[in-house]
There are 2 protein chains.
Amino acid sequence: MTDSNPNASLTAPSIPGDALPPVEQHAQQYATVRNAHETELIEDYVELIGDLLAHRGEARAADIANRMAVSQATVSKMIRRLNELELVTSKPYRSLFLTEAGQKMAETSRARHDIVLHFLRALGVRDATARIDAEGMEHHVSDETLAIMQRFTEQRQN
Amino acid sequence: MTDSNPNASLTAPSIPGDALPPVEQHAQQYATVRNAHETELIEDYVELIGDLLAHRGEARAADIANRMAVSQATVSKMIRRLNELELVTSKPYRSLFLTEAGQKMAETSRARHDIVLHFLRALGVRDATARIDAEGMEHHVSDETLAIMQRFTEQRQN
DNA sequence: CAATATTGTTAGCCAAGGCTAAACTGTTTG
DNA sequence: CAAACAGTTTAGCCTTGGCTAACAATATTG
Ligand SMILES: [Mn+2]
Ligand SMILES: [Mn+2]
Ligand SMILES: [Mn+2]
Ligand SMILES: [Mn+2]
């Protein structure tokens with residue numbers, strides 16, 4: 001469907017910047033963002049569990065709660081979801097582990113996260129800022145942009 | 001609070017990539033993202049309403065629903081929220097308008113969105129991809145990074 | 001100008017992701 | 001080895017942001 005008010009050009013003030021994108025393309029932008037937001041928290045949990053396993057040998061709910069600054073109850077509920085999605089295995093009161101699918105997601109997320117982080121640093125952003133920005137940006141960066149970021153970073157480093 | 005398992009170094013496998021950031025810094029990353037997600041949809045609505053007013057002279061709920069690919073009921077409910085936040089004024093069955101605060105937010109969001117979009121294009125990302133990525137990234141880019149993106153874009157264009 | 005089409009609102013539903021408080025389990029230690 | 005502590009789970013609450021279906025108001029048009 002198209003916008004209402006067909007004779008808008010009569011009432012619109014002077015052309016302010018870029019024109020609006022076509023409705024379908026515009027809608028796609030928002031839909032893609034909504035989509036990313038459905039998976040991003042899952043990805044962050046799985047990525048963090050993978051990091052804890054790699055660096056600490058175990059991933060406890062309490063550690064996740066501390067690192068995410070979230071209550072233990074919130075983590076516990078999320079772990080149940082991760083279990084249902086078959087991304088982690090867990091026995092009550094024991095460390096978490098990643099399933100095959102979980103490990104794959106952790107690696108992918110970690111790789112993407114690192115590319116964004118290193119790119120921001122290569123751009124000249126301070127480390128602490130780069131870390132904060134990367135945590136949010138990573139979920140909204142397409143493969144195309146990711147590839148460009150990676151090339152950019154490599155060239156700056158050589 | 002600190003992580004559990006004090007003798008983790010005994011069980012951890014070989015150092016995989018970067019170390020984990022300190023707990024407080026790590027927690028700050030996630031907290032900042034959660035914070036951005038609280039305001040991001042509001043910003044997109046206000047930004048879109050501002051764009052519709054600028055380009056079309058009016059902002060109707062139906063247009064918003066089409067452009068966001070969301071039901072009219074969802075838009076109607078959101079407009080009530082924007083009203084409560086005193087970002088828009090609305091009379092039933094009439095176009096929306098932005099309050100002073102709404103206009104300010106629209107301008108800020110639009111400016112930030114444009115900087116990210118132009119930066120991505122300057123990097124070499126295709127326009128359609130850049131638009132999609134910018135829609136999500138914009139809410140997770142710090143002022144520091146934004147300034148660096150803007151400088152980068154300007155230099156590529158000169 | 002009445003009928004129809006479009007637009008807007010309301011009600012009621014749902015899932016996600018937060019929280020606190022309370023109960024339960026496992027571990028450490030006096 | 002009992003008590004205290006640390007970690008985990010459960011229950012119940014809340015807000016946000018989606019949806020559909022039904023209804024209400026306005027605009028268009030035969
Ligand atoms: Mn991440
Ligand atoms: Mn993240
Ligand atoms: Mn986001
Ligand atoms: Mn946006």
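Residue numbers start from 1 in every chain, and the chains themselves are labelled A, B, ... in the order their sequence lines are given, proteins ahead of strands. FYI, side chains are in, hydrogens and waters are out, and symmetry mates aren't considered; it's all heavy atoms of this structure. Keep in mind it's a predicted model, so treat the numbers as computed, not measured.
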Would one find a side-chain N or O of [X] under 4.0 angstrom from OP1 or OP2 of [N]?
X	N	value
B:Ser76	C:dG8	no
B:Arg94	D:dA27	yes
B:Thr74	D:dG17	no
B:Arg80	C:dT10	yes

Worksheet item: Within the side chain of B:Glu144, is there an N or O that forms a donor-acceptor pair under 3.5 Å with the backbone of A:Arg126?
Response: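 Such a contact is found between B:Glu144 side chain and A:Arg126 backbone.
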
Practice prompt. Take A:Pro92 and A:Ile42, find for each the nucleotide of DNA chain C with the closest heavy atom, and name the residue whose nucleotide sits nearer the 5' end.
Written response: A:Ile42

In whole Å, I'd like the distance from the [atom1] atom of [X] to the [atom2] atom of [N].
X	N	atom1	atom2	result
B:Glu38	D:dC14	CD	C1'	13 Å
B:Leu96	C:dT7	CG	C1'	13 Å
B:Met68	C:dG8	CE	C1'	17 Å
B:Ile64	C:dT6	CD1	P	20 Å
A:Arg60	C:dT25	CZ	C1'	12 Å
B:Glu58	C:dT6	CD	P	17 Å
B:Leu82	D:dT16	CG	P	12 Å
B:Asp44	D:dT16	CG	P	17 Å

Discussion item. Go nucleotide by nucleotide along DNA chain D from the 5' end; which of B:Gln72 and A:Ala61 gets its closest nucleotide reached first?
Written reply: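 Looking at the nearest nucleotide for each, A:Ala61 comes out on the 5' side.
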
Check every atom of [options] against the side chain of [X] and return the nucleotide holding the closest atom.
X	options	answer
A:Tyr93	D:dG7, C:dT7, D:dT16	D:dG7
B:Lys77	C:dA16, C:dG12, C:dC19	C:dG12
B:Arg81	D:dG17, D:dT20, C:dG8	D:dG17

If every non-hydrogen atom of [X] is compared with every non-hydrogen atom of [Y], which pair is closest and at what distance?
X	Y	value
B:Ser95	B:Ala59	OG-N, 2.9 Å
B:Ala69	A:Arg34	O-NH2, 3.1 Å
B:Arg67	A:Tyr30	O-CD1, 3.3 Å

Worksheet item: Any chance the rings of A:His37 and A:His140 have centres within less than 6.0 Å?
Response: yes

Worksheet item: Heavy atoms under 4.0 Å, any strand shown: does B:Ile79 hit a base, just sugar-phosphate, or nothing?
Response: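 Nothing: the residue B:Ile79, judged by heavy atoms under 4.0 Å, touches no strand.
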
Discussion item. Categorize B:Ala73 for me: base, sugar-phosphate, or nothing, with a 4.0 angstrom heavy-atom threshold over every strand shown.
Written reply: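 B:Ala73: base contact, heavy atoms under 4.0 Å.
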
